[in-house]
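Take a look at the structure set out below.
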2 protein chains.
Amino acid sequence: MRAEQKERTRLALIAEARRLFAARGYADVGLSEITAAAGVTKGALYHQFDGKVALFRAVLEAVHREIADRVVAAAEGDPWAAFVAGCQAFLTATTDPALQRILLVDGPAVLGWAEWRAFDEATSAFHLEEALTGLMRLGLLPERPAAPLTRLLSGAMNEAALWLATEPSALDDTRRALTELLESLRCR
Amino acid sequence: MRAEQKERTRLALIAEARRLFAARGYADVGLSEITAAAGVTKGALYHQFDGKVALFRAVLEAVHREIADRVVAAAEGDPWAAFVAGCQAFLTATTDPALQRILLVDGPAVLGWAEWRAFDEATSAFHLEEALTGLMRLGLLPERPAAPLTRLLSGAMNEAALWLATEPSALDDTRRALTELLESLRCR
DNA sequence: CAATTGACATACCGTCGGTATGCGAAATAG
DNA sequence: CTATTTCGCATACCGACGGTATGTCAATTG
């Protein structure tokens with residue numbers, strides 16, 4: 001079958017690109033290196049993707065999907081507990097160095113902020129804002145515009161994850177700080 | 001005087017680079033464009049800086065200094081009011097599109113997260129953490145490790161600023177949300 | 001089985017960041 | 001006031017990279 005060979009090539013390119021981008025960053029990895037690792041040539045890459053940026057976009061999609069899956073899987077229990085667990089799962093996921101650089105460092109720079117936000121909107125931020133409005137409806141959070149709060153919390157978790165990359169010993173303290181931050185917002 | 005001509009060249013390069021980086025991003029601006037705008041050639045640039053990254057570093061330093069100045073200037077009143085005013089000033093400063101892309105988007109990607117944090121540590125994060133520990137000593141904030149909280153708040157403000165770039169109408173709501181977030185942390 | 005498609009390889013191009021070298025004016029010495 | 005040195009900068013060049021045009025051969029199709 002021709003289509004499955006194509007898909008195998010595509011997945012190999014995405015996988016190798018993701019590995020290399022995560023390790024050394026978008027700018028420091030050449031296409032030749034990616035194609036060599038995937039066992040194809042530049043022709044194959046350009047047959048599958050519109051260019052280096054398009055390849056990165058595909059990699060970022062995969063990363064986003066993975067994070068969303070992890071967060072959804074972790075969010076269980078009563079509404080408030082599920083919310084906190086989801087946030088903690090997000091922190092854990094974005095602490096993973098294999099995801100971090102692609103998602104939080106190179107993502108905005110390569111795609112530009114506008115497109116990066118569109119990705120984020122479709123996954124993390126969307127779920128977070130949904131969760132926040134849900135908690136407000138249940139009376140667990142004071143009613144207020146959800147969008148700004150979504151950004152504040154999303155940014156807090158992103159930055160905390162990045163900081164943890166250089167300060168891994170602070171993981172427990174950061175988890176606690178995040179929980180306390182969320183609890184302090186809760187209706188009492 | 002020869003030294004002042006050198007300084008003029010240097011400042012012109014930094015100014016033009018800053019303008020172009022802010023408008024279109026680090027990767028999309030070539031050295032030829034910068035040098036042309038500054039009225040010199042690539043030889044002059046390489047005489048003053050070690051390369052494109054070093055030039056960006058000088059630009060980022062200027063941006064950091066400017067933000068720190070604005071924040072310090074805004075932080076006045078009693079300790080808690082000064083703290084909130086400083087945070088709001090930071091949000092305002094990083095909402096400025098001329099600073100935003102350089103500081104928050106390209107900065108981490110170009111310098112790598114480690115070096116970017118070193119810059120941030122020397123200015124924003126340093127002041128923020130200092131302010132937080134000061135507030136704890138005064139009993140205005142519950143005692144807790146300041147470093148993780150610093151990161152959470154710093155990230156919250158950064159992300160909020162970036163979000164505001166695409167949603168300027170939410171400025172007031174975001175200011176309120178930030179104030180409420182800070183107030184919710186306060187000892188009562 | 002001929003014709004066609006399409007997945008991929010190869011060769012090539014323009015541009016970019018970076019380097020080596022040369023020039024000319026300002027600074028300094030005699 | 002001239003000779004010499006210094007040094008800020010221009011010019012010419014290089015290798016590497018992203019991207020494109022073209023060629024090739026196996027899988028598909030009628």
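Lettering of chains follows the sequences in order, A, B, ..., and the numbering in each one begins at 1.
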Exercise. Identify whether the distance between the nearest side-chain nitrogen and carboxylate oxygen of A:Arg117 and B:Glu159 falls below 4.0 Å.
Key: no
Problem - Distance-only side-chain donor-acceptor flag, A:Gln100 / A:Thr95, under 3.5 Å - result: no
Next item on the list: Examine C:dG6: is either OP1 or OP2 under 4.0 Å from a nitrogen or oxygen in the side chain of A:Gln5? Give yes or no.
Entry: no
Review point. Is it true that B:Glu115 and B:Arg57 make a salt bridge, defined as a side-chain N closer than 4.0 Å to a carboxylate O?
Key: yes
salt_bridge(A:Glu61, A:Arg18) N-O dist < 4.0 Å: no
> Does one side chain, of B:Arg175 or B:Thr92, offer a donor that lies under 3.5 Å from an acceptor on the other?
Replying inline: yes
Check whether any side-chain heavy atom of A:Phe126 sits under 4.5 Å from a side-chain heavy atom of A:Asp120, and report yes or no. no
B:Asp28 CG to C:dG17 P, in whole Å, measures 11 Å
Rounded to whole Å, NE2 of A:His47 lies from C1' of C:dA9 at a distance of 12 Å
Looking at B:Asp173 and A:Arg151, is there a salt bridge between them, counting it only when a charged N and a carboxylate O are closer than 4.0 Å? no
Here the distance between atom P of C:dG6 and atom CZ of A:Arg8, to the nearest Å, is 19 Å
So NZ of B:Lys6 and CZ of B:Arg10: to nearest 0.5 Å the spacing works out to 8.0 Å
Span of DNA chain D engaged by chain B, first through last nucleotide within the 4.0 Å heavy-atom cut-off, is D:dT6 to D:dT11
ask   = Are A:Asp96 and A:Arg70 ion-paired here, with the side-chain N under 4.0 Å from a carboxylate O?
value = yes
From CG of B:Leu45 across to P of C:dG17 the rounded distance in Å is 10 Å
Here the residues of residues 29-43 of chain A within 4.0 Å heavy-atom distance, strictly under, of DNA chain C are A:Val40, A:Thr41, A:Gly43
Q. Ring centroid separation for A:Phe119 and A:Trp116, is it under 6.0 angstrom?
A. no
In whole angstroms, the gap separating P of C:dC8 from NZ of A:Lys6 amounts to 8 Å
Rounded to whole Å, the CG-P distance (A:Leu13 to C:dA7) equals 14 Å
Here the gap from B:Leu153 atom CG to B:Cys87 atom SG, rounded to the nearest 0.5 Å, amounts to 6.5 Å
Review item, nucleotides 21-29 of chain C N/O atoms under 3.5 Å of protein N/O:
| unit_1 | atom_1 | unit_2 | atom_2 | d |
| --- | --- | --- | --- | --- |
| C:dA27 | OP1 | B:Arg2 | N | 3.0 |

